[in-house]
Structure formats: C-alpha cells, structure tokens
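A note on names: the letters A, B, ... follow the listed sequences, proteins ahead of strands, and every chain is numbered from 1. The structure presented is a predicted model; accordingly, all values stated were derived computationally and were not measured.
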Protein chains: 2
Amino acid sequence: MLSNSSKYALKAVLYLTLHTDENNKMMAKDISEKISVPKAYMAKLLQGLAKREIISSTKGPKGGFYINPSNKNRTIMEIIEVIDGKKKMESCMMGLKDCNEHKPCPIHSIINPSRSKMIALLESKTINDLAKDLKLNKVFLPS
Amino acid sequence: MLSNSSKYALKAVLYLTLHTDENNKMMAKDISEKISVPKAYMAKLLQGLAKREIISSTKGPKGGFYINPSNKNRTIMEIIEVIDGKKKMESCMMGLKDCNEHKPCPIHSIINPSRSKMIALLESKTINDLAKDLKLNKVFLPS
DNA sequence: CAAAAAACATGATATTAATCATATTTAGGA
DNA sequence: TCCTAAATATGATTAATATCATGTTTTTTG
C-alpha cells in the first residue's frame, strides 16, 4: 500500500518536525540512525523531499535538514503523493483499468468505503497533528 | 496492497467459478485471454493454485482447470493469503515492527479501523458471493 | 500402443524498487 | 582565501516481482 520510501519519508518528516527548526538542523546520517533507515537511502530521500520543498536544507558546515512551520501543515497524503504518486492509493484493488462506481469490480464495494475513509483521513491530518500526538505520548515512532 | 499475482489469481478463480465445473474444464491459455493476463504467467499461477488445492486440474487432452463446489466457499482472503502470505495486509503501514494497539504508530488510529473492517469483509465474503454478484450484473470483471 | 494435448516442474530473463557509492557543489570558519 | 563539512546529482548494485520459455509427465483417443 505504501512503498518503503513513503514510510521512511513519513518517519523522517515527523522526526524533523519534533527535533528541528531553522536554528537546529540535523544531518542525514543522524536522522537515519534515529529512525533506523539505511543512511545512504535516507540521504537520497531527504534530498528529494528538499527538492520538492517538503522540507528545507542548507549545505556546508553547520548545514543539514530541517522543516519550517508552514511545511508542518502539510497533510500526510501530500507526503505520500510526493513519493508514490497520486494514483497508487486509489487504484482498483483488482487491477481493473476502468473500475468505478458505475462499473465496479467484484471487490469494489468491499474495499472502497473503508479505503475512501482512510484516504479522507490521510488528507485531513497534518504532520503537525501527528507531532502533537507524539509529544503527548499517545503514539510512538521507533523501530 | 495486493500483488499482481493476487489480483490475477482472484480474477482467475472468479472466472473459473462462473465458467467451469468438473465437466467443463478450461485451459490456461483460454483463461488468460479471457481475463487479460499474460498466458505463461497465468499458467504458472494456475498451477500454483492447483497445487495448493484452491482449484482443480487434470492433465492431458480434454484436461484443464476447474473449480469444484467446496472450493467456491473459500473466502477472498484465503486466495490472497495463498499468494501474498498472511502478514502482508496486516503489517503496520509505517513499517514499524512492534506497532500495536498499546504502542501505536502515528497513523495507526487513522488507518486501522478502516483496514480492520476491510479485512473482516475479505475474510467473510466468499468466491461464491462475488460470483453471484457477477451473475446479477451488479459487478464486472473485464479489463 | 502411439501420438497428441494438456498440466507440471523448473529455471531463465526482464522490470521495478530498494540500497549503496561517489564525485561535485556550496557555505562556514580559521 | 583555503580547508572542511555538509547537501546535491548521478549512477551503480542488489533484491524482489513479474514475466517468459521449455523439457517432462500424464491422460485421452485413434
């Protein structure tokens, strides 16, 4: 459902939200260790997120990655879409090209209500919402 | 969420349910054409399903694949599990190893109620249930 | 019993996703 | 200004899926 890349990206963005800002940047290597993601892969992912302006970065000594307040208001789905593309989550679970409400596949009615709800939630919850839950110890990140 | 193999398997099993029985078998090649799945891949998949006794087969002239009544009562989830394994659908969407109700990942509460419902439905609906919907033109298979 | 038609078993190739590696660019500090 | 520390760009490798191909076994039928 989510690629590894999306999972890693979500973890990283959340970690950055909790631990960085413009004055407290963090290197790819350190982030990768904290959230248990292979370091070279993490670096590449963070670079991609920075290029698409989901997170921010500066080069050179004292440089690193961080996230600024406006980006903390992005939704979970925005992060996922940047990595996996828009259609992946919404495509027919039986792989039929033209499956829709008027011409549904056999499992459409089984899958779709739940999935639509899930997607709606991912589109409404922001990074910041999740970060708050983390601060309150209502949810957890490691492993 | 589902591998291509699972999607193809589901389509094939449904097709067999509608069009075959012990006296009306069908060759891999013909099934593959009907449901738009690459023929060699279809053959391999059908052989696997037959070995695990999800469907039946006989060799030689007039041979082919078919499904018998008792197998039509298998659930959708059983088909999926035979191909993708049990855990794939239930694993944490953030990829955390020990995510659970007591120590949930940040998106656990967003995802899980919907997903649990989806899984419960896949575990309760049988091949036969879907075949009935197909017969009544309530749902569709092609492409 | 021989030939042909089918599934079966096995392995080869291709494609995609995940992971690793490294030379280049940029910025800070001595 | 020069050195160093960081991200960046790019590409190589590995691993997992998906796909293709083919020789072997079984069964029907002439």
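Mapped onto DNA chain D by nearest heavy atom, B:Asp84 and B:Gly60 fall at different nucleotides, with B:Asp84 at the one closer to the 5' end.
Rounded to the nearest 0.5 angstrom, B:Tyr15 OH and B:Lys34 NZ are separated by 4.5 Å. Considering OG of A:Ser36 and NZ of B:Lys97, their distance stands at 13.5 Å, rounded to 0.5 Å.
Looking at the side chain of A:Met27, the nearest of the listed nucleotides D:dT8, D:dA6, C:dG29 is D:dA6. Considering only side-chain atoms of A:Ala50, the nucleotide from D:dA18, D:dT8, C:dC8 that sits closest is D:dT8. Among the nucleotides C:dC8, C:dC20, D:dC20, the one closest to any side-chain atom of B:Pro38 is D:dC20.
One can place NZ of A:Lys39 at 11 Å from C1' of C:dT19, the figure rounded to the nearest angstrom. Taking atom CG of A:Asn4 as the reference point, atom P of D:dA15 lies 15 Å away to the nearest angstrom. For the pair A:Lys62 NZ and D:dA6 P, the computed distance is 8 Å after rounding to whole Å. Atom CG in B:Asp30 sits about 8 Å away from atom P in C:dA6, given to the nearest Å. Between the NZ atom of A:Lys59 and the C1' atom of C:dA23 there is a distance of 12 Å, given to the nearest Å. The interatomic distance linking B:Lys44 (NZ) with D:dC20 (C1') rounds to 9 Å, in whole Å. In this structure, A:Ile83 atom CD1 and C:dT19 atom C1' are separated by 15 Å, rounded to whole Å.
Between A:Tyr8 and C:dT19 there is a side-chain polar atom (N or O) within less than 4.0 angstrom of OP1 or OP2. Listed pair B:Ser57 / C:dC8 meets the phosphate criterion, a side-chain N or O lying under 4.0 Å from OP1 or OP2. Here A:Ser5 does not reach the OP1 or OP2 of C:dA17: none of its side-chain N or O atoms lies under 4.0 Å away.
Counting heavy-atom neighbours within 6.0 Å of B:Glu22 CD, excluding the residue itself, gives a total of 12 or less.
Inspection of the A:Ser3 and A:Asp84 side chains reveals an N or O donor paired with an N or O acceptor under 3.5 Å.
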